[in-house]
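Keep in mind that the numbers below use all heavy atoms, side chains included, and drop hydrogens, waters and symmetry copies.
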Amino acid sequence: MAMYTRRSSTESFRHPRAPSPSTSLHRKLSFNPVGEWSPPVHEEPVGAFEVSRGKRILQVLVACIYCLFGAGVVFGFAALKPVLIEQGVYRERCSKEELRDGVWVCYEQELRLNLMFTVAAVSTNVCALPVGTVLDRFGPRVSGIIGAAFLTLGALSMAFAADLPFDAYVPGYLFLALGGPFIFISSFQLSNTFPRRSGLILALLTGAFDTSSAVFLAYRLLYENSNGTFTPKKFFLIYLIVPAFVLVAQLFIMPAHSYETVGELVAHAEDPTLDAHDSDNELDSEHRSAIQQARREHRESVVSEITGLLGTKDGFAQEAEEEKKARRSGVWGALHGKTALQQISTPWFVLITLFTVLQMLRINYFVATIRTQYDNLLHSHHRAIQINEFFDVALPLGGVISVPFIGLVLDNTSTPFVLALLVTMATMIGVFGVIPDAMWPAYANVCLFVLYRPFYYTAVSDYAAKVFGFATFGKVYGLVICLAGLFNFTQTGLDALTHKRFGNDPIPVNLILLVSALVVGVALVGYVWMKSRSMQREKLEQEAEGAREVLMPEADAREVEREHGGEGYGTA
């Protein structure tokens, strides 16, 4: 989910000036990963200044609420899974021997439950493709309504799955997963409601998404306190309040069309061709002149309204700050201007895709199997429950706590450093994950994991924006996430390998994932570091070649021009 946390469709307010190396920094980020399938419908731009401040605050607040309860609930699977096991979901798949031995969860049951989460995790990533198209083509209201419909189908399927003659748990969890991206991604445009606070708004939405995994934690606590009487059927029927709230909000509170970015509004205000419409030819000359004059006055008033939105902060200062961040990254513009096909054929794409594939697999595999893993690592079901319960609380909390620190790291360090930090953290998590019979590595593993997860997702989207650029961001980044999501189906193979080949011992599989991720990570960091160094050298050479000789204040031009053994003086 990650492009969610670092890149929005906001743009800086810029006065006309010569193009700069960071011009693409101010492009609007399209959410459509496959390009335009049909021409966009012409719409008058809607500026935030045209909507009352109170309503805009309400819109942001409402979006945070429904993202908190619906955007990423499926990632709380580790909290929901014990409830489903106690309710006997898929218990019929256990063998007679396993039932006789009274195992907490049998192999086939574990496999099927994990499949629920795998399908949901894959669909969440792949769903970014259609969500981007729907959002760009039809706007946030339609996207939000579709999300509400999916959440409704998911809740109903999960509520009545035990009564249906077919397996409704997998499709039910799938629908819950599909609803999340539709309501979450459609909320990004709200960062344009208050351009000076766009970062804060995105942080709130991201925090709501990360915290939404706690919904199933809250349910599990209620389930345990009710001694099992608060069944999944009751919970998911009550949960229907969430999609109903989303639907009402979309129809009566949220904007039908995305708020325009400041840059788009300025472009609109500075385009005199918009003063005249084709339909004006049907009017008499006097009426036509009056209407066009009114349009011109409205267009010219937009700039002053935009200045009011931005306050007194100078547009040049904002752009200079963004250029400074871009240069600090060391890789900004590496593949800007190239086609998506050219970009995906480079090591830049191949290495980040392999890294993303492995890391996403490790993350989702850990979420789905944490209690089973620690059952065997700690050789104690009670201690495994302790770790699982700690993880259920730490996962949403870690996402919220890490958001501001992630921004500081990405904005103030180079991309090679960020990638090296990712690889280091991933390696430490892998090491902690193979230490048996000790509680402190388990707690350390969970703490590091919940901080690493949002950092990883955010850093990959940040890398894609800086390296590939906004013109192809949707296509290239969408392909990375889609491939990584599809590869998550191999999680079923990892489950089978752990249970059948290694006798439920998770250490061999964790070691395989650790070594694979380390090799790919080192290759990625090494390549990006070398390329950033070469890009810096090329930039210095270009600046040196472009520098012209300048006379020192007291130098005599005639003395400088004369020949004297190939040496000169008086120049700088």
Side-chain angles (χ1 to χ4, degrees), residues 1-11 28-31 48 51 55-76 124-125 127-128 131-132 134-136 139-141 143-148 151 177 179-215 242-243 245-246 249-250 253-255 257-261 395-408 410-411 453-462 465 473 477 481:
M1 312 299 280
M3 74 179 177
Y4 312 151
T5 53
R6 290 296 304 161
R7 298 292 174 184
S8 71
S9 59
T10 52
E11 295 176 321
K28 179 178 179 180
L29 173 58
S30 172
F31 295 106
V51 180
K55 186 171 183 178
R56 283 180 281 142
I57 292 175
L58 179 61
Q59 289 172 341
V60 173
L61 178 63
V62 167
C64 289
I65 292 173
Y66 64 59
C67 284
L68 175 63
F69 289 98
V73 291
V74 293
F75 293 102
T124 301
N125 296 314
C127 189
V131 170
V134 170
L135 185 57
D136 279 359
R141 176 171 291 172
S143 178
I145 292 174
I146 293 174
L151 288 179
F182 275 100
I183 66 172
F184 180 52
I185 299 178
S186 64
S187 302
F188 290 165
Q189 50 88 25
L190 293 176
S191 62
N192 294 319
T193 55
F194 299 95
R196 284 186 294 167
R197 300 288 182 266
S198 62
L200 174 62
I201 294 171
L202 288 174
L204 289 172
L205 292 170
T206 302
F209 170 81
D210 287 327
T211 310
S212 63
S213 62
V215 170
V242 175
F245 176 73
V246 175
Q250 293 296 335
I253 300 175
M254 309 306 287
H257 307 295
S258 298
Y259 283 113
E260 298 296 314
T261 67
L395 183 62
L397 191 61
V400 174
I401 293 174
S402 63
V403 167
F405 299 103
I406 291 171
L408 289 174
L410 294 181
D411 288 341
R453 178 174 171 266
F455 179 40
Y456 150 75
Y457 281 119
T458 308
V460 172
S461 66
D462 188 71
F473 183 93
Y477 181 73
I481 297 301

query = Would you find a donor on one side and an acceptor on the other, under 3.5 Å apart, between the side chain of S212 and the backbone of G72?
reply = yes

query = Counting distance only, does the side-chain N/O of R56 pair as donor-acceptor with the main-chain N or O of F194 below 3.5 Å?
reply = no

Smallest separation among heavy atoms of [X] and [Y], with atom names:
| X | Y | value |
| --- | --- | --- |
| G144 | I183 | O-CG2, 3.8 Å |
| I253 | Q59 | O-NE2, 2.9 Å |
| V131 | S143 | CG1-OG, 4.5 Å |
| G207 | V400 | O-CG2, 3.7 Å |
| A71 | F184 | CB-CB, 3.9 Å |
| P255 | P140 | O-CG, 3.8 Å |

inquiry  = Can you confirm whether more than 12 heavy atoms, excluding those of F69, are under 6.0 Å from its CZ atom?
reply    = no

ask   = Stepwise, does the side-chain contact (heavy atoms from CB on, under 4.5 Å) test hold for L205 with F209?
value = CA-CA 6 Å; L205 292 170; F209 170 81; over 6 Å; no

request  = Answer yes or no: is there a side-chain heavy-atom contact under 4.5 Å between C67 and S187?
outcome  = yes

Residue pair S186 / L135, side-chain heavy-atom distance below 4.5 Å = yes

Test ring pair (Phe, Tyr, Trp, His ring centres under 6.0 Å) applied to F455 - qualifying residues, sequence neighbours left out = none

Spacing of [X] atom [atom1] and [Y] atom [atom2] [to the nearest 0.5 Å]:
| X | Y | atom1 | atom2 | result |
| --- | --- | --- | --- | --- |
| I406 | T458 | CD1 | OG1 | 4.5 Å |
| S191 | I201 | OG | CD1 | 6.5 Å |
| L410 | D462 | CG | CG | 4.5 Å |
| F75 | T124 | CZ | OG1 | 4.5 Å |
| R453 | S402 | CZ | OG | 9.5 Å |
| H257 | Q189 | NE2 | CD | 11.0 Å |

Test side-chain contact (heavy atoms from CB on, under 4.5 Å) applied to F245 and I65, step by step = CA-CA 9 Å; F245 176 73; I65 292 173; 3.8 Å; yes

request  = Among residues two or more places apart or on two chains, list those pairs meeting side chain to side chain donor-acceptor pair (under 3.5 Å) that have a residue in residues 61-76.
outcome  = Y66-Q250

request  = Could you list the residues that satisfy side chain to side chain contact (heavy atoms under 4.5 Å, CB included) with I146, not counting sequence neighbours?
outcome  = V134, V142, F150, F182

